[in-house]
2 protein chains.
Amino acid sequence: MVGQLEVEADGIERRSGVSLWRQIADKILHAIAIGDFAENAALPPEVALAERYGVNRHTVRSAIAALVQEGVLRAEQGRGTFVLSRKRLSYPIGARTRFSAGLQGQASERHIVLLASSVEPASQRVAEGLGLARGNDVIRLETRGEADGRPVSRAAGWFEARRFAGIDAAMAQTGSITASLARFGIDDYLRQSTMLSARHADAADLADLDLQPGAIVLVTVAVNVTPDGQPIQFSESRFPAERVELKLSAL
Amino acid sequence: MVGQLEVEADGIERRSGVSLWRQIADKILHAIAIGDFAENAALPPEVALAERYGVNRHTVRSAIAALVQEGVLRAEQGRGTFVLSRKRLSYPIGARTRFSAGLQGQASERHIVLLASSVEPASQRVAEGLGLARGNDVIRLETRGEADGRPVSRAAGWFEARRFAGIDAAMAQTGSITASLARFGIDDYLRQSTMLSARHADAADLADLDLQPGAIVLVTVAVNVTPDGQPIQFSESRFPAERVELKLSAL
DNA sequence: TATAGTTGTCTATATCAATAGACAAATTTA
DNA sequence: TAAATTTGTCTATTGATATAGACAACTATA
């Protein structure tokens, strides 16, 4: 027999299209992120978690299994289940956002990897963002940001091809957008505007950011300009919400 | 027999803990939000959607049924399925963010409702944000922002009780944080910092923002200060990602 | 060395999610 | 009016999700 609860404890929703084990895994992740469970600390035993969330022990086990798979937890028979992962990185977004500078002190190793580059005609929104006519050639750089070996961002950046010919090579060589732009005489640039949204990770996000299905990504669409307001870069970036939060400072 | 596809089209993930119909509902919502389907336009027929996403027609029907339930779509037998809802609001976040001012032109009617208020000792993070000793009394205002009758934000704001005694009454009367602060001699205030994250909506969010289970909320935690840097308000706001995107401008 | 507490594995059952196919009902188009 | 298009409803089957209970395996501790 099944003892069906009418009201669930702690924000667990049934028949929502999101399985209970996934919801509980998200809750545990969130609890770790906000510091409810310290690093290396033992999680409450499975029966306690099952009671807290009003579900069967096996459902909790499914959630834990997913997080073990993700490398967030480690389960030891007879001892308990332990927290491995650290808190979320705080990624700054402001007028002078720079990848490495912003994460200083939070991760010992951080860098950007150039995954691919290509020349293509500007789409509608890229053209608008850069103030070009639609169809003008632009260079697209596909990059991934990593901190301590974990992917923390995945971005596409577009630059006017005529003005920034060779920026792909510069990026491959320097591993830095800032350094690459410096080669084109851009010593300073500002973030003009940023649109921010959130959605479930799609197949590309899962592969790019090493996420599990059901994860959430933050998406920013931004335009960088020179100090005198000339657009130089249009970008779309995706951040895994479980590993990164955004800190908005003076734009 | 079942013809199982190895690779799914368009970012649909199986065995993810998120059901296919929920993922497809999210995709349709996103497509509407970014303007792929115009308002009042017909959606592609169910068989076409099923093929596009690589799922059975009945699965698409489940997704559509959920969106009809949410009031996003209207299905008419023999004719088609039509888009009711408009694009996402673009909610500005910047140095001088004000609720009504920011949404001007995007919604014809907008206001803040005061849901509840109370006096309580400051928690750790509220005390830190306001620069108080932990346990000092603070006033908490629970509010909901609405635009054209739809909830677009749900916020809790904390103010030092000694300095802002009566701000709850002022808020109830004026329906505006800005106007209420003016009564305490605050003619201008700035957003000092904002932390931004995203997660699945919990039970409270579902009720407060009239969402369906599985929805995503954007969460901001911010501190407002006077022009000379004195903290006056600590706030946590939640925005439904399917209805709102955040526009970051000069902080 | 028992004993209690914890995770791991197994069986069984019920419900939800997804596929498959057929046909009805309503609308639009030729 | 007839045909084509589209949504609505029904049955059937399979696999994933969730509950239930029992017991094994391992660890720490009294």
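So that the names make sense, note that chain A is the first sequence line, chain B the second, and so on, each numbered from 1.
- Of the charged side-chain nitrogens involved, none lies within less than 4.0 Å of a carboxylate oxygen, so that K247(B) and E245(B) do not count as a salt-bridged pair.
- One atom, CD of E76(B), and another, C1' of dA25(C), lie 14 Å apart when rounded to the nearest Å.
- In this structure, W21(B) atom CH2 and dA18(C) atom P are separated by 8 Å, rounded to whole Å.
- For G78(B) and G78(A), each mapped to the nucleotide of DNA chain C holding its nearest heavy atom, the one lying further toward the 5' end belongs to G78(A).
- Candidate nucleotides dT7(D), dT6(C), dT27(D) were compared by shortest atom distance to the side chain of P45(A), and dT6(C) ranks first.
- Using a cutoff of 4.0 Å between basic side-chain nitrogens and carboxylate oxygens, D208(A) and R238(A) are scored as salt-bridged.
- Using a 4.0 Å heavy-atom cutoff across all strands shown, T81(B) reaches sugar-phosphate atoms only and no base atom.
- In this entry the distance linking CD of E46(A) with P of dA18(D) reads 16 Å, nearest Å.
- When the P atom of dT19(D) is taken as reference, atom OH of Y53(A) falls 14 Å away, rounded to whole Å.
- A close approach under 4.0 Å does occur between a side-chain nitrogen or oxygen of R61(A) and OP1 or OP2 of dG8(C).
- Distances were taken from every side-chain heavy atom of N56(B) (C-beta onward) to each of dT19(C), dA17(C), dT7(C); the shortest belongs to dT19(C).
- Picking from dA18(C), dT19(D), dG8(C) the nucleotide with the shortest atom distance to the side chain of L20(A) gives dT19(D).
- Contact annotation: R79(A) side-chain N/O to dA28(D) OP1/OP2 distance is under 4.0 Å.
- You'll find a donor-acceptor pair under 3.5 Å spanning the side chain of R57(B) and the base of dG8(D), going by distance alone.
- Between R57(A) and E51(A), none of the side-chain N atoms (NZ, or NE/NH1/NH2) sits under 4.0 Å from a carboxylate O, so this pair counts as no salt bridge.
- The pair E236(A)-R154(A) does not meet the salt-bridge criterion, since no charged nitrogen lies less than 4.0 angstrom from a carboxylate oxygen.
- Place L43(B) and H58(B) on DNA chain D by their nearest nucleotides, and L43(B) ends up nearer the 5' end.
- Using a 4.0 Å cut-off between charged side-chain N and carboxylate O, R243(B) and E70(B) make no salt bridge.
- If you take CG of L67(B) and C1' of dT7(D), they are 16 Å apart, rounded to a whole angstrom.
- If Q77(B) and V18(B) are placed on DNA chain D by their nearest nucleotide, the residue sitting closer to the 5' end is Q77(B).
- Atom CD1 of I24(A) is separated from atom C1' of dT19(D) by 13 Å (rounded to the nearest Å).
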